[in-house]
Amino acid sequence: MTQEVRVRYAPSPTGNLHIGGARTALFNYLFARHHGGKFIVRIEDTDIERNIEGGELSQLENLKWLGIDYDESVDIGGPYAPYRQMERLDIYKKHADEMLEKGHAYKCFCTSEELEAEREAQKAKGVAAPMYKGTCRHLSKEEVASKEDAGMSYNIRMRVPADVTYTFEDLVRGTVSFESKDVGDWVLVKTNGIPTYNYAVVLDDYFMKISHVFRGEEHLSNTPKQMMVFQAFGWEAPKYGHMTLIINENRKKLSKRDESIIQFVAQYKDLGYIPEAMFNFFGLLGWSPEGEEEIFSKEDFIRLFDVNRLSKSPSMFDKTKLTWMNNQYVKQLSLDEVVELALPHLQQAGRLPQNLSSEEKLWATDVIALYHEQMSFGAEITELTDLFFKEELTYDEEAMVVLNGEQVPEVMAAFKTQLEQVETFEPDAIKAAIKAVQKETGHKGKNLFMPIRVVTTGQTHGPELPNSIALIGKEKVLARVEKFAKQ
């Protein structure tokens, strides 16, 4: 590309980094890095009533956690600062005045009550998408001055051109057209002097030299309004690409109220997901490379990213695939890294003290090591290791089938005798004890191992049995065996 590629992710601090926002940021980032361009994070904070404390910080910190580094933003500055919209109000005012002067915009004195009554009247007539009917569009200069002298407040509206077709080549969807007659005179600047999204975003994109804009499908209908402002100033608009919706497994549009899916990046971070895995997963959420491979590094994505392979169909947020993918990354971690990932969750659950002795740390490491291959995310360790912390075991239906075997009392009696004789309670000694039970009773295979597993762990499946028994500890194991014998 001859033009310098400059793209942006422009969140509002009205909430934490959502998975939809993360995907938008990621695709803009990959496009910039693929073309050697710049990725900018701009904060659109004009919705002051909905802004939340910590919202901006969440956006920036979680982008960094995902590995999405940026070139310009509020925290590192840049040549087109400021990067918060509320710090750019003078720019919006200056150009709104210019729009008024050139007749591209006008002052509207209609009250909110009048506008609401107008909307309701149109709805009553069956109008599906009510529009402002232009009450103040043709006020004379004298009428405007009179209303201002009377202290009437006003907003500034776009004077939407009549009979204009707005057409652009969407980088995802191809040719898209809108008719101006379908867009009412919309508000550029509210009565409090704060610009609306569709006005401010144009000035920001122009003055920050944004070349391409990748954003969600829900912004498609905003495009003609933004093109109007670009054309009013005689500016060239960036190239747009509108990414398809993210849907849940029921093929419904993903909603922030959908409790079947974890919605925010910080939640995945807190659960002990791997940032590289999340990057990988989001990278395939609406984009596909050639071939069947699904595990890619950041460098792979940057090298391979091609807008022509952005999906035109909705992208399903597949929780099973995310879990599988994160497990692939967990498997690649060293044991020390897995312990660092999982141990805090055992401590947070009250399973282990915050300040571990060296002996406790060694024991915890051995327990976590049993589940290194199986664990999909850090917090899962609390459920996986439940058997090591339970005082009382409960048996499910499958376990009861095992325990009702006619050979079980004989096996467990022999196992108890062998365990009592074990001096060094380690896996090799326990393995030898189980072999001795086999020799003594003649039972082997499932008839031997399954009763021992169920009675000692409460489970029918699990990691290497001698390792598990050793880590449960001799005293607790014998207590479980004795309790079973008394039932």
Side-chain angles (χ1 to χ4, degrees), residues 6-29 39-66 68 70-78 80-93 95-96 155 186-208 210 212-223 225-226 229 238 240-243 245-246 253-258 262-269 282:
R6 288 179 57 81
V7 298
R8 47 76 169 177
Y9 169 58
S12 60
T14 55
N16 299 317
L17 180 59
H18 185 259
I19 53 181
R23 185 196 58 170
T24 296
L26 178 58
F27 284 176
N28 278 282
Y29 169 81
F39 174 59
I40 296 96
V41 176
R42 187 175 71 216
I43 304 298
E44 297 185 344
D45 60 345
T46 55
D47 195 352
I48 52 179
E49 292 180 353
R50 293 181 59 229
N51 291 343
I52 65 168
E53 186 176 353
E56 179 182 301
L57 187 62
S58 169
Q59 295 284 339
L60 299 177
E61 286 188 343
N62 286 296
L63 285 177
K64 293 173 187 174
W65 179 76
L66 283 169
I68 302 176
Y70 43 85
D71 302 292
E72 302 168 28
S73 190
V74 294
D75 56 340
I76 58 176
Y80 302 100
Y83 292 94
R84 286 189 192 89
Q85 286 187 331
M86 288 301 289
E87 296 173 8
R88 300 172 63 83
L89 294 182
D90 57 334
I91 298 173
Y92 309 132
K93 183 180 186 310
H95 288 81
N155 56 41
W186 52 281
V187 175
L188 294 168
V189 181
K190 293 179 281 190
T191 55
N192 59 5
I194 295 177
T196 60
Y197 164 75
N198 283 309
Y199 171 55
V201 73
V202 170
L203 271 65
D204 293 342
D205 284 348
Y206 176 74
F207 287 113
M208 293 181 185
I210 300 302
H212 300 75
V213 173
F214 293 94
R215 57 191 182 187
E217 182 180 87
E218 65 274 14
H219 285 286
L220 187 62
S221 60
N222 290 322
T223 310
K225 293 181 179 180
Q226 293 166 22
V229 179
Y240 294 103
H242 291 86
M243 299 172 293
L245 295 172
I246 300 175
K253 178 184 175 183
L254 197 62
S255 161
K256 291 183 180 179
R257 293 183 294 276
D258 185 349
I262 299 171
Q263 298 274 345
F264 297 98
V265 172
Q267 292 173 292
Y268 288 98
K269 180 181 178 182
F282 287 139

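Starting from 1, each residue takes its place in the sequence as its number.
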side-chain contact (heavy atoms from CB on, under 4.5 Å) involving Gln59 - partner list, sequence neighbours excluded: Tyr9, Pro11, Leu17

Spell out, as yes or no, whether a donor-acceptor pair under 3.5 Å connects the side chain of Thr196 to the backbone of Leu188. yes

Would Ile40 and Asn28 satisfy side chain to side chain contact (heavy atoms under 4.5 Å, CB included), going step by step from the backbone distance to the final call? CA-CA 9 Å; Ile40 296 96; Asn28 278 282; over 6 Å; no

How long is the span from the CE atom in Met86 to the CG atom in Asn51, to the nearest 0.5 Å? 8.5 Å

Between the CD1 atom in Ile48 and the CD atom in Gln85, the distance rounded to the nearest 0.5 Å is 12.5 Å

Only pairs at least two apart or in different chains count here, so list each salt bridge (charged side-chain N to carboxylate O under 4.0 Å, His left out) that has a residue in residues 192-204. Arg42-Asp204, Arg88-Asp204

Go through the structure and list residues passing side-chain contact (heavy atoms from CB on, under 4.5 Å) with Lys64, not counting sequence neighbours. Tyr70, Asp75

I'd like to check the salt bridge (Lys or Arg N to Asp or Glu O under 4.0 Å) partners of Glu217; sequence neighbours left out, ordered by chain and number. Arg173

What residues, two or more places apart in sequence or in another chain, satisfy side chain to side chain donor-acceptor pair (under 3.5 Å) together with Thr191? none

Once rounded to the nearest 0.5 Å, what's the spacing between atom CZ of Phe282 and atom CG of Leu26? 8.5 Å

Any Leu60 side-chain heavy atom under 4.5 Å of Val74 side chain: yes

Residues at least two apart in sequence or cross-chain that pass side-chain contact (heavy atoms from CB on, under 4.5 Å) with Asp71, listed by chain then number, are Arg33, Lys38, Phe39

Side chain to side chain donor-acceptor pair (under 3.5 Å) partners of Asn198, counting only residues at least two apart: Asn222, Gln226

Look up atom CE in Met243 and atom OG1 in Thr24, then write down how far apart they are to the nearest 0.5 Å. 3.5 Å

Using atom types as modelled and distance alone, determine if a side-chain donor or acceptor of Asp205 lies under 3.5 Å from a backbone N or O of Ile210. no

Do Asn62 and Phe264 have side-chain heavy atoms sitting under 4.5 Å apart? no

Sort and list the pairs that fulfil salt bridge (charged side-chain N to carboxylate O under 4.0 Å, His left out) and have at least one residue in residues 10-26, not counting sequence neighbours. none

Does the side chain of Arg8 reach to within under 4.5 Å of the side chain of Val201, using non-hydrogen atoms? yes

Please check if the side chain of Thr223 supplies one atom and the backbone of Leu220 the other of a donor-acceptor pair under 3.5 Å. yes

Excluding sequence neighbours, so at least two apart, what forms ring-ring contact (aromatic ring centres under 6.0 Å, His included) with Tyr80? none

Side chains of Glu72 and Tyr83 only: does a donor on one sit below 3.5 Å from an acceptor on the other? yes

Assess the residue pair Tyr197 and Thr46 against the criterion (side chain to side chain contact (heavy atoms under 4.5 Å, CB included)); give the C-alpha distance rounded to whole Å, side-chain angles, the decisive distance to 0.1 Å, and a yes or no. CA-CA 8 Å; Tyr197 164 75; Thr46 55; 5.9 Å; no

OG1 on Thr14 to CD on Glu49, rounded to 0.5 Å: 12.5 Å

Among residues at least two apart in sequence or on other chains, which ones pass side-chain contact (heavy atoms from CB on, under 4.5 Å) with Asn192? Lys190, Ile194

Is it the case that the ring center of His95 lies less than 6.0 angstrom away from the ring center of Phe207? yes

With sequence neighbours left out, the residues meeting side chain to side chain donor-acceptor pair (under 3.5 Å) with Ser73 are none

Min side-chain heavy-atom separation Asp47-Pro13 under 4.5 Å: no

Looking only at non-hydrogen atoms, find the nearest pair between Leu66 and Ala22 and report the distance. CD1-CB, 4.0 Å

Kindly compute the distance separating CD (Gln263) from CG (Leu254), expressed to the nearest 0.5 Å. 4.5 Å

May I ask you to decide if Val189's main-chain N or O and Tyr92's side chain share a donor-acceptor pair within less than 3.5 Å? no

Taking the six-membered ring for Trp, are His212 and Phe27 ring centroids under 6.0 Å apart? no

Residues passing the side chain to side chain donor-acceptor pair (under 3.5 Å) test with Glu87, sequence neighbours excluded, are Arg84

